[in-house]
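Presented below is the structure to which this report refers.
Residue numbers start from 1 in every chain, and the chains themselves are labelled A, B, ... in the order their sequence lines are given, proteins ahead of strands.
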Amino acid sequence: MKALDAPQDINADWLSRPSTQVAPDLIGCVLVRQLPDGKILRGLIVETEAYTPDDPACHAYRRRTPRNSVMFGPAGACYVYLIYGIYHCLNVVTDLDGIPSAVLIRALQLETSPPWIDPQKNVKLHRLAAGPGKLCLALKIDLSLNATLLQPVQPLWLEHRSEQFQQQLNESPSNLTQTTRIGLTQGVDLPWRWYLTDSSAVSKRG
DNA sequence: TATAGGATAGCT
DNA sequence: GCTATCCTATAA
């Protein structure tokens with residue numbers, strides 16, 4: 001039985017809102033990864049970006065294709081894709097069934113170092129998941145997780161903000177910064193990137 | 001079938 | 001600034 005003050009798992013209903021609403025709300029929530037061997041990795045979400053149906057930078061902007069089809073489905077699924085032939089990126093599918101939109105998870109503050117990270121390498125914990133590609137490396141996320149549901153007993157799920165985090169944000173709303181997205185050639189002026197202002201785990205400072 | 005290019009990251 | 005590396009979208 002769970003303690004009353006334990007963080008609650010995020011369900012599909014909560015994600016069934018426009019991605020521009022969900023993206024800022026996901027800052028401070030926790031992404032939980034359960035590996036095939038049962039080990040759990042957890043990271044605080046510190047940076048997100050929103051993509052919407054009428055957004056030229058959205059993979060689903062033109063039409064439904066095999067790659068982007070999960071974005072057209074109901075909220076609560078993962079949309080994972082390969083970029084530059086090297087890295088994977090993790091998105092949370094948002095909004096109503098039939099409305100293709102998603103939130104890109106760009107950076108996490110990991111709670112503990114993944115076991116496969118070489119301690120000799122002297123990489124800082126707060127940089128291990130500082131970027132969408134690094135985040136997927138750190139949590140062993142690849143195309144095999146595309147279209148899986150974000151709920152417990154799956155490989156990935158989400159937890160709401162802790163009471164403490166919510167209180168701090170209420171006291172200091174400027175801890176959440178909104179600005180333009182990174183690395184795009186289209187829709188560069190849309191202010192749909194959010195990050196935890198004082199976090200050293202954000203992919204770039206801005 | 002062919003081919004251009006990308007929601008990145010690390011090195012120069 | 002340069003580019004690895006491969007999947008995908010789009011054109012032919």
Side-chain angles (χ1 to χ4, degrees), chain A residues 15 18-27 29 31 43 45-73 75 77-95 99-110 113-114 116-118 120-148 150 156 158 177-196 199-206:
Chain A
L15 296 169
S19 56
T20 48
Q21 288 180 30
V22 174
D25 286 355
L26 276 174
I27 301 293
C29 296
L31 179 67
I45 298 173
V46 298
E47 184 181 0
T48 58
E49 284 180 359
Y51 292 84
T52 71
D54 55 351
D55 165 13
C58 181
H59 286 174
Y61 178 60
R62 289 170 172 278
R63 72 182 93 256
R64 184 173 183 145
T65 67
R67 178 176 68 158
N68 67 27
S69 66
V70 62
M71 270 206 273
F72 285 77
C78 298
Y79 169 47
V80 181
Y81 66 92
L82 180 69
I83 184 139
Y84 299 112
I86 305 177
Y87 299 103
H88 297 275
C89 290
L90 171 69
N91 294 253
V92 175
V93 174
T94 55
D95 219 315
I99 301 183
S101 70
V103 173
L104 172 68
I105 309 297
R106 285 194 56 91
L108 303 174
Q109 172 65 248
L110 293 179
S113 187
W116 51 85
I117 299 296
D118 185 356
Q120 311 294 76
K121 292 242 167 157
N122 195 31
V123 275
K124 300 278 192 265
L125 183 61
H126 67 278
R127 301 310 295 167
L128 278 178
K134 297 174 73 177
L135 174 166
C136 287
L137 278 175
L139 298 190
K140 286 202 186 310
I141 294 167
D142 62 22
L143 289 180
S144 69
L145 296 191
N146 187 42
T148 58
L150 287 157
L156 284 168
L158 295 163
T177 298
Q178 177 175 190
T179 182
T180 51
R181 298 175 295 183
I182 288 182
L184 306 172
T185 56
Q186 311 251 22
V188 292
D189 294 326
L190 294 169
W192 289 349
R193 172 176 171 242
W194 289 265
Y195 65 90
L196 198 57
S199 173
S200 58
V202 170
S203 65
K204 294 180 187 175
R205 312 320 313 272

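- Here the C1' atom of nucleotide C/dT8 and the OH atom of A/Tyr81 are 13 Å apart, to the nearest Å.
- Atom P of nucleotide B/dT8 and atom NZ of A/Lys134 are separated by 13 Å, given to the nearest angstrom.
- Using modelled atom types, one finds a donor on one side chain and an acceptor on the other under 3.5 Å when comparing A/Ser203 with A/Arg106.
- In this structure, A/Asp142 places its CG atom 14 Å from C1' of C/dC6, rounding to the nearest Å.
- In terms of position along DNA chain B, the nucleotide closest to A/Ala102 lies nearer the 5' end than the nucleotide closest to the other residue of the pair A/Leu137 and A/Ala102.
- Of all nucleotides listed (B/dG6, B/dG10, C/dC7), B/dG6 comes nearest to the side chain of A/Tyr84.
- The shortest distance between side-chain heavy atoms of A/Lys134 and A/Tyr87 does not fall below 4.5 Å.
- Regarding A/Leu104, its CG atom lies at a distance of 13 Å from the C1' atom of B/dG6, rounded to whole Å.
- Residue contacts for A/Gly133: at a heavy-atom cut-off of 4.0 Å it reaches the sugar-phosphate backbone alone, with no base atom in range.
- Between the P atom of B/dG5 and the CD1 atom of A/Ile83 lies a distance of 15 Å, rounded to the nearest Å.
- Side-chain atoms of A/Pro132 lie closest to B/dA9 of the nucleotides C/dC6, B/dA9, B/dA7.
- The nucleotide whose nearest atom lies closest to any side-chain atom of A/Leu82 is, among C/dC7, C/dT5, B/dA9, C/dC7.
- The listed nucleotides are B/dG10, B/dT8, C/dA9; the one nearest the side chain of A/Pro66 is C/dA9.
- Side chain of A/Arg67, nearest nucleotide from B/dT8, C/dT8, B/dG10: C/dT8.
- Considering only side-chain atoms of A/His59, the nucleotide from C/dT5, C/dA9, B/dA7 that sits closest is B/dA7.
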Please walk me through it: do A/Arg181 and A/Asp189 pass salt bridge (Lys or Arg N to Asp or Glu O under 4.0 Å)? CA-CA 8 Å; A/Arg181 298 175 295 183; A/Asp189 294 326; over 6 Å; no
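- The distance between atom CZ of A/Arg193 and atom P of B/dA7, rounded to the nearest whole Å, is 16 Å.
- Here the side chains of A/Tyr51 and A/Leu184 are in contact, with some heavy-atom distance below 4.5 Å.
- Checking B/dA7, C/dT5, B/dA9 against the side-chain heavy atoms of A/Tyr79 singles out B/dA7 as nearest.
- Going from atom NE2 of A/His88 over to atom P of B/dG6 covers 19 Å, rounded to whole Å.
- Nucleotide C/dC7 forms a pair with B/dG5, judged by Watson-Crick or G-U wobble geometry with both contacts under 3.5 Å.
- Defined by atom type and a distance below 3.5 Å, a donor-acceptor pair is present between the side-chain atoms of A/Ser101 and A/Thr94.
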